[in-house]
Student: 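Can you keep this structure in mind? I'll have questions shortly.
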Amino acid sequence: VILSGGLNNRYWVLDVGERPGHKTLTISCSKSLHPTETCLLKDGCLISGTSISSSIRCMRRFFMLIDYCSFDGGSKQMLNGTMVHEVFQRAATAKDFSLETLSKLANQALCSPQYLGDISLYVCLCLNDLTPSNSKARTRCQDLATVVTVAELADIEENVWSPRFGLKGKIDVTARVRIQRPRSGSHNTPEERTVPLELKTGKESNSIEHRSQVILYTLMSLERYNSEAGFLLYLKTGNLHPVVASHMDSRELLKLRNTLVHHIHNCVEKEAKRSRLSRLPEIVTDRQTCQYCPQKRNCALYESAADVREDVVRDFLEQETGHLIPPHLSYFSHWLLLCCLEAASMEAKNGRKRVWLQTAEESEKNGSCVGNVQLSGPVTVQSEGVFLHRFQRSSVVPQKGLASSGLASGDRIVVSDQEGRLVGLATGYLSEVSMTSISCTLDRDLSKFSGVLFRLDGDEGVIGLSTHLTNLSRLMENCQDSDRLRELVVDLRPPEFISNLSSVLPREAKDTVANILKGLNKPQKQAMKKVLLSKDYTLIVGMPGTGKTTTICTLVRILHACGFSVLLTSYTHSAVDNILLKLKRFRVGFLRLGQGQKVHPDILPYTEESARKKGVHSLSELEQLYNKELVVATTCMGIKHPIFTRRRFDFCIVDEASQISQPICLGPLFYAKRFVLVGDHQQLPPIVQNQEARSLGMDESLFKRLELHSGAVVQLNVQYRMNRQIMSLSNSLMYEGRLECGSERTATALLTLPFVLSVQSELSSYSKTHPQHDLAWIQPTLLPSNPVCFLDCSTVPALESVEQGGVSNPTEAALIHKILSLLIKAGCKPSDIGVIAPYRQQLKSISALLQSSAFTGVEVNTVDRYQGRDKSLIIFSFVRSTTDEGNLGELLKDWRRLNVAITRAKHKLLMVGSTKTLRLFFPELLHHIIQLPPAAHEALPSMSL
DNA sequence: ACTCTGCCAAGAGGA
């Protein structure tokens with residue numbers, strides 16, 4: 001934005017207005033003259049110190065936040081740097097820089113799982129870099145008479161979020177130093193200051209980047225320590241350089257920071273209602289700078305994608321993107337745009353900003369925050385880097401129960417002080433929440449802050465779209481793997497198959513495979529065959545209830561028996577573990593990668609973590625662990641794991657592939673020769689927040705994109721879940737009759753209600769005593785022999801309410817509550833019942849009515865959460881009862897969501913909704929309508945359970 | 001117009 005005073009003019013601030021969440025400035029370029037302008041200061045974007053200092057040479061680098069080290073392992077020097085940092089920090093904490101200690105620490109660092117995980121580990125620590133005499137680190141000030149001595153260590157790896165400057169970062173060492181200035185004559189006591197100390201293990205460059213980093217850290221810690229300067233400590237020489245942040249330096253760096261933020265917020269621009277990628281900051285085209293830039297490919301890709309070619313950079317672009325043809329570039333730029341749009345939507349609802357934009361009181365009202373707490377009792381060290389803290393409400397403020405805070409054990413939290421001076425002090429997990437106290441494990445020891453008032457905020461974490469972008473960028477790489485994948489994914493080259501099974505099937509595996517195949521039905525066997533014959537990929541359509549998990553499990557067993565290596569993935573941990581839980585019953589070994597906290601308890605013994613506990617002390621032992629199993633399982637996001645710097649697989653299987661967005665789904669495919677996508681695009685698509693991104697096709701999964709090659713598709717259409725009537729509803733809605741029952745037993749299975757007769761007689765006697773109520777409709781509703789019922793509430797006064805939190809319909813909720821109590825009384829097990837609604841708000845109002853213990857076991861959940869699962873009896877609440885289709889809402893209009901909802905039921909499906917709304921788009925329902933009398937939900941008796 | 005799961009992160013150093 002250029003203000004009226006011109007690009008770089010100066011302004012007077014005439015007035016400052018404070019509003020919640022933002023400030024307004026009234027400014028003018030002349031004190032006495034008009035035009036005044038109003039600036040709105042808001043938002044809470046924090047930029048890291050390193051991002052800013054690395055942008056000094058080239059601002060573009062910042063926008064290409066793609067971490068290559070995750071797949072090439074990084075350089076020797078970087079690894080060395082990380083390790084020496086740690087050795088120094090540990091030695092400093094122990095206040096011991098003796099050679100013995102240093103070498104002990106260095107050995108520990110070499111064996112620490114963190115570094116062992118890096119397969120490219122072949123670094124020897126240069127211990128002589130850290131000799132004791134150097135570590136005392138005297139300054140070489142210009143002003144030789146000034147002496148700085150490090151008196152005490154205040155902190156290491158301190159995490160700072162500074163909303164005031166919009167900066168964040170981690171400070172290597174925070175030190176208390178004594179500064180003795182030469183003053184003529186008299187007694188001068190040394191000044192004490194707490195300052196940031198930045199360690200560098202490379203060449204002593206004292207470069208502008210290094211110095212800027214220190215200046216930024218100094219700014220960040222201004223509010224904490226009032227530090228005026230920081231220090232650069234080069235460990236190779238032991239030299240300590242003071243870096244005094246001059247006003248101008250700080251100002252320039254903050255201006256750079258602001259420019260970066262401006263570009264972030266404006267990475268997409270609208271033109272004639274259509275969004276497109278904005279221009280990035282100008283390309284530097286300085287051979288010297290660009291030659292070694294790790295981001296040059298992305299830089300060139302972006303430039304080519306933006307379709308603005310300048311002559312100066314043509315050869316640079318040619319060099320980096322010459323191997324790509326226009327469709328490749330447009331695929332890249334299309335998805336880049338989609339990701340930018342989506343990122344903006346995700347950033348908008350990023351809850352982390354609340355920590356500094358809202359007071360604790362405000363935040364507490366919205367839930368997931370507890371303010372005014374103090375440390376109580378000592379901090380105990382649970383394990384390396386895990387500190388157990390206990391907090392209590394400060395007695396100063398009126399007590400409010402902590403349990404009602406919206407925070408629950410297991411939640412991720414951020415700890416800050418109440419005042420907003422120490423933001424983001426620590427992060428961790430809540431372990432216990434009681435009425436009076438909260439305990440949690442944090443990544444830092446906060447014992448030195450006893451007496452400080454804290455606030456704990458729930459932290460959803462910020463996951464940008466960096467994995468998406470990394471995968472997209474990788475797809476464009478000039479190498480064999482990427483070329484092939486690009487051909488298949490972007491050019492849509494038809495997949496090839498070999499004709500003869502005998503060439504892939506080892507003779508000795510034939511019997512085993514034949515044995516495994518025995519338990520499968522026809523389409524499942526076909527799927528196995530197709531996969532074995534594939535040279536590129538196979539798509540398996542798993543319609544509802546067709547034994548998708550079993551099929552995948554069997555596929556893995558067969559591939560395993562043939563000696564093929566398999567990478568097994570899905571988007572969610574639970575989907576991965578679902579297959580593994582089945583797989584572990586057979587003699588198939590596997591390695592499960594991923595955080596223990598997220599892994600199913602029964603799968604934990606197969607994780608890397610637990611294998612390590614048995615002892616991995618050397619690189620070769622680690623390699624053994626990584627290479628031992630033919631089958632490796634992880635989530636699609638888990639591909640940053642170091643195992644992938646080396647290992648490749650014969651097959652990659654992606655489950656729930658129709659729910660994964662293209663860039664994410666690509667990730668694991670880089671590591672396998674062939675892949676298998678399993679899904680069903682008639683079920684739920686990937687969730688996309690941004691409306692425009694969705695309309696531009698971001699919710700198209702790779703599964704759906706590749707489905708146009710029907711030769712690669714196998715359909716599992718024999719299902720063992722639904723009885724005939726429920727299945728035919730789905731068939732007419734979605735599958736055009738292709739879905740079949742696997743057996744007559746499946747087709748005719750009904751709900752068992754042992755006491756249905758007694759409930760019915762109870763109802764009829766109730767009818768007699770209450771003749772004013774028409775209860776004729778309830779009999780067919782309850783009857784198991786009537787598997788599909790649509791209860792039409794259109795005669796019942798609609799109570800649909802649209803609130804801020806979502807949509808709910810109390811009438812439907814009340815009706816469901818009463819019918820449920822009848823069904824349970826009739827002998828239906830609560831655990832056999834699922835209640836589904838499209839909206840969370842509706843689930844809340846239903847759950848509120850099901851508090852009595854008779855209902856425990858009834859699972860109330862969203863359609864989305866129910867995907868992949870089933871129940872004997874499903875009650876689905878449509879909630880919406882509008883006649884205006886335009887007002888229906890996107891969720892219900894999506895047929896795929898409706899399809900998922902109705903196919904969760906095995907034996908009986910009760911739908912509650914309004915025909916007014918539904919006949920608009922689902923006429924098949926009309927065959928199953930049960931017309932409700934007015935006030936049906938009130939007329940029904942409340943059964944005592 | 002309300003559906004949701006991923007992820008540890010800012011920085012390791014080189015020209």
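Chain letters run A, B, ... following the sequence lines, proteins first and then strands; every chain starts at 1. All of these numbers come straight from a predicted model, not from anything done at the bench. Worth knowing before you read on, the calculation uses all heavy atoms, side chains too, and leaves out hydrogens, waters and symmetry mates.
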Student: Check ring-ring contact (aromatic ring centres under 6.0 Å, His included) between A:F876 and all other residues, then give those that pass, not counting sequence neighbours.
Tutor: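 For A:F876 the ring-ring contact (aromatic ring centres under 6.0 Å, His included) partners, ignoring immediate neighbours, are A:F878.
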Student: Which residues satisfy the salt bridge (charged side-chain N to carboxylate O under 4.0 Å, His left out) test with A:D172, sequence neighbours excluded?
Tutor: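 For A:D172 there are no salt bridge (charged side-chain N to carboxylate O under 4.0 Å, His left out) partners, ignoring immediate neighbours.
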Student: Using a 3.5 Å limit on both pairing distances, list the dot-bracket string of DNA chain B from the 5' end; Watson-Crick and G-U wobble pairs count, crossing pairs take [ ], interstrand pairs take |.
Tutor: ...............
Student: Do A:L446 and A:F387 touch side chain to side chain, with heavy atoms closer than 4.5 Å?
Tutor: no
Student: Please list, chain by chain and in numerical order, all residues satisfying ring-ring contact (aromatic ring centres under 6.0 Å, His included) with A:H210, sequence neighbours excluded.
Tutor: A:Y234
Student: Please enumerate all residues that pass side-chain hydrogen bond (donor to acceptor under 3.5 Å, both in side chains) together with A:S207, with sequence neighbours excluded.
Tutor: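 A:S207 satisfies side-chain hydrogen bond (donor to acceptor under 3.5 Å, both in side chains) with A:S205 only.
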Student: Under the side-chain hydrogen bond (donor to acceptor under 3.5 Å, both in side chains) test, which residues partner A:Q595, sequence neighbours left out?
Tutor: none
Student: According to salt bridge (charged side-chain N to carboxylate O under 4.0 Å, His left out), who are the partners of A:D894, at least two apart in sequence or on a separate chain?
Tutor: A:R896
Student: Name all residues meeting the salt bridge (charged side-chain N to carboxylate O under 4.0 Å, His left out) criterion together with A:R904; count only those two or more places apart in sequence or in a different chain, and write none if there are none.
Tutor: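 Not a single residue meets the salt bridge (charged side-chain N to carboxylate O under 4.0 Å, His left out) criterion with A:R904.
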Student: Got a sec? Which of residues 592-600 of chain A come in under 4.0 Å of DNA chain B, heavy atoms?
Tutor: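 When residues 592-600 of chain A is checked for heavy atoms under 4.0 Å from DNA chain B, there are no hits whatsoever.
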Student: Taking side-chain hydrogen bond (donor to acceptor under 3.5 Å, both in side chains) as the test, write out the residues that go with A:R90, two or more places apart.
Tutor: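 Testing A:R90 for side-chain hydrogen bond (donor to acceptor under 3.5 Å, both in side chains), a comparison that skips the adjacent residues, returns A:E86, A:E384.
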Student: Which residues in residues 685-694 of chain A have a heavy atom closer than 4.0 Å to any atom of DNA chain B?
Tutor: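 The stretch gives A:I687, A:Q689 as the residues lying under 4.0 Å from the strand, ordered by number.
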Student: Between the base of B:dT3 and the side chain of A:R865, is there a donor and acceptor pair under 3.5 angstrom?
Tutor: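 In this structure, the two groups form no donor-acceptor pair.
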Student: Can you list the residues that meet the side-chain hydrogen bond (donor to acceptor under 3.5 Å, both in side chains) rule with A:E700, with sequence neighbours excluded?
Tutor: A:Q662
